[in-house]
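Notes follow once the structure below has been shown.
All values below come from the heavy atoms of this structure, side chains included, with hydrogens, waters and symmetry mates left out.
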Amino acid sequence: MKKTSLLLVLLFFIASMSQAQTLSERTDNKVIIGADMFTDFNTGAAYDNFDLRGINQGVSVYTMFNFKSEKSPVFASIGVGYTGHNFYLKDSYLRRPYYDVTEFVEVPHDHKISKINTNYIDIPIEVSFNIRNQFKISAGFKFGILTGGKSKFVGELYNDAKTYRLKANRINNLEKYVYSLTFRFAYRSVHFFAAYQFSDTFKNGFGPEIKPISIGIGVRPF
């Protein structure tokens, strides 16, 4: 299942790059489409029974409008996009997603998956600097609007050899807006991507302090 999911993501990236390059050529590189794959590392404070595994993969897609000048290597961009974060729990699960205070409970038994997922509509703003038409450095800001949160658990709960499947399509106490600083270093169409979300994912005092650093790779027309 993991190999199939990874293959689908890679195929999506290839297809996205092909379409993005076509759009970029038609609009003289003023309108572009990009995509990122990343993993999240939490920088927030400790919270009861909330401990993430090492890899927490996420994805983002976006379109940007570039304000370019032929005489300057520096230009600004603004756009709209989508970002999905997946936070995988090591030995616990979200038991009460609809309660006023978010509670995670320890699971001492084997489980296949335990995660929470958050999704945002993004408004990214960047300033970029081209170097010799091969390299590019970009720094910016991303404003995220929450569109939904989910939780999922598949595994054993009570040492009874039964597999339980728990899903929730809503999580209370998530902040409606999040804010991030972004950085990219690109060689042609491939770039290294990093973002730091300096606002909390959950409302202060009502859930874990999740302030992820996202690190990954992406593609966009140069």
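- The backbone N or O of N49 lies less than 3.5 Å from a partner atom in the side chain of S92, making a donor-acceptor pair.
- Residues V61 and I33 form no side-chain contact, since every pair of their non-hydrogen atoms from C-beta on lies 4.5 Å or further apart.
- Contact detail for G84 and F38: the closest heavy-atom pair is O-CZ, 3.8 Å.
- Between H111 and F153, a ring centre-to-centre spacing shorter than 6.0 Å is recorded.
- Residues V80 and I32 fall into different hydrophobic clusters, defined by Ile, Leu, Val, Met, Phe, Trp and Tyr side chains chained together at heavy-atom separations under 4.5 Å.
- The shortest distance between side-chain heavy atoms of V107 and D91 does not fall below 4.5 Å.
- Both Y196 and Y179 sit in one connected hydrophobic cluster of ILVMFWY residues. Membership requires side-chain heavy atoms under 4.5 Å apart, directly or through other members.
- Here salt bridge (Lys or Arg N to Asp or Glu O under 4.0 Å) pairs that include residues 78-90, with residues two or more places apart or in two chains, are D51-K90.
- Scanning for side-chain contact (heavy atoms from CB on, under 4.5 Å) contacts around N56 gives T39, D40, L52, R53, Y88, with sequence neighbours left out.
- Distance check, rounded to the nearest 0.5 Å: OG of S60 to CG of N119 gives 12.0 Å.
- Shown here is F206, whose CZ atom has no more than 12 heavy atoms of other residues, nucleotides or ligands within 6.0 Å.
- For the residue pair L94 and P97, the shortest heavy atom distance occurs at CD2-CB, 3.8 Å.
- T83 meets the side chain to side chain donor-acceptor pair (under 3.5 Å) test with D122, K142; sequence neighbours excluded.
- The aromatic rings of Y158 and Y164 sit perpendicular to each other, their planes meeting at more than 60°, with 30° as the lower class boundary.
- Taken to the nearest 0.5 Å, the NZ atom of K115 stands 7.5 Å off from the CD atom of Q57.
- Here the options are K68, E126, K30, the test is side chain to side chain contact (heavy atoms under 4.5 Å, CB included), and the partner is F75; only K68 passes.
- Note on ring orientation: taking the six-membered ring where Trp is involved, the planes of F67 and F65 are perpendicular (angle over 60°, cut-offs 30° and 60°).
- In plain terms, the two heavy atoms of S151 and I171 that are nearest each other are N-CD1, 4.1 Å.
- One N or O on the side chain of E156 and one on the backbone of A161 form a donor-acceptor pair closer than 3.5 Å.
- In this structure, T102 and F104 have side chains that are in contact, with non-hydrogen atoms separated by less than 4.5 Å.
- At a threshold of 4.5 Å between side-chain heavy atoms, the hydrophobic network of Ile, Leu, Val, Met, Phe, Trp and Tyr places I113 and Y93 in two separate groups.
- Using cut-offs of 30° and 60° for the angle between ring planes, the F135 and Y187 rings count as tilted.
- The ring-ring contact (aromatic ring centres under 6.0 Å, His included) search around F41 returns none, not counting sequence neighbours.
- When the side chains of ILVMFWY residues are joined at heavy-atom separations under 4.5 Å, either directly or via intervening members, I55 and I215 end up in two distinct hydrophobic clusters.
- The distance from atom OH of Y120 to atom OH of Y177, rounded to the nearest 0.5 Å, is 12.5 Å.
- Under the 4.5 Å side-chain contact rule for hydrophobic residues, V178 and F87 share a cluster.
- L89 CG to I116 CD1: the interatomic distance, rounded to the nearest 0.5 Å, is 6.0 Å.
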- Message: Is there a side chain to side chain contact (heavy atoms under 4.5 Å, CB included) between R184 and K136? Walk through the geometry before answering.
- Response: CA-CA 8 Å; R184 301 178 193 275; K136 183 190 299 177; over 6 Å; no
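- If you take CD1 on I210 and OG on S199, they are separated by 11.5 Å, rounding to the nearest 0.5 Å.
- Contact annotation: the side chain of N66 approaches that of S77 to within less than 4.5 Å [non-hydrogen atoms, C-beta and beyond].
- Between F193 and F185, the distance from one ring center to the other does not fall under 6.0 angstrom.
- With E209 contributing its side chain and A45 its backbone, the two residues share a donor-acceptor pair below 3.5 Å.
- Considering only residues two or more places apart in sequence or on other chains, Y99 meets the ring-ring contact (aromatic ring centres under 6.0 Å, His included) condition with none of them.
- In summary, D36 and R220 do not engage in a salt bridge, as defined by a charged side-chain N under 4.0 Å from a carboxylate O.
- Taking each heavy atom of H85 and P212 in turn, the nearest pair found is CE1-CG, 4.5 Å.
- Taking the ring-ring contact (aromatic ring centres under 6.0 Å, His included) definition, one finds that F202 meets it with nothing, sequence neighbours left out.
- For K211 and E175, the salt-bridge test fails: no basic side-chain N is under 4.0 Å from an acidic carboxylate O.
- The CG atom of N172 lies 8.0 Å from the CG atom of L174; values are rounded to the nearest 0.5 Å.
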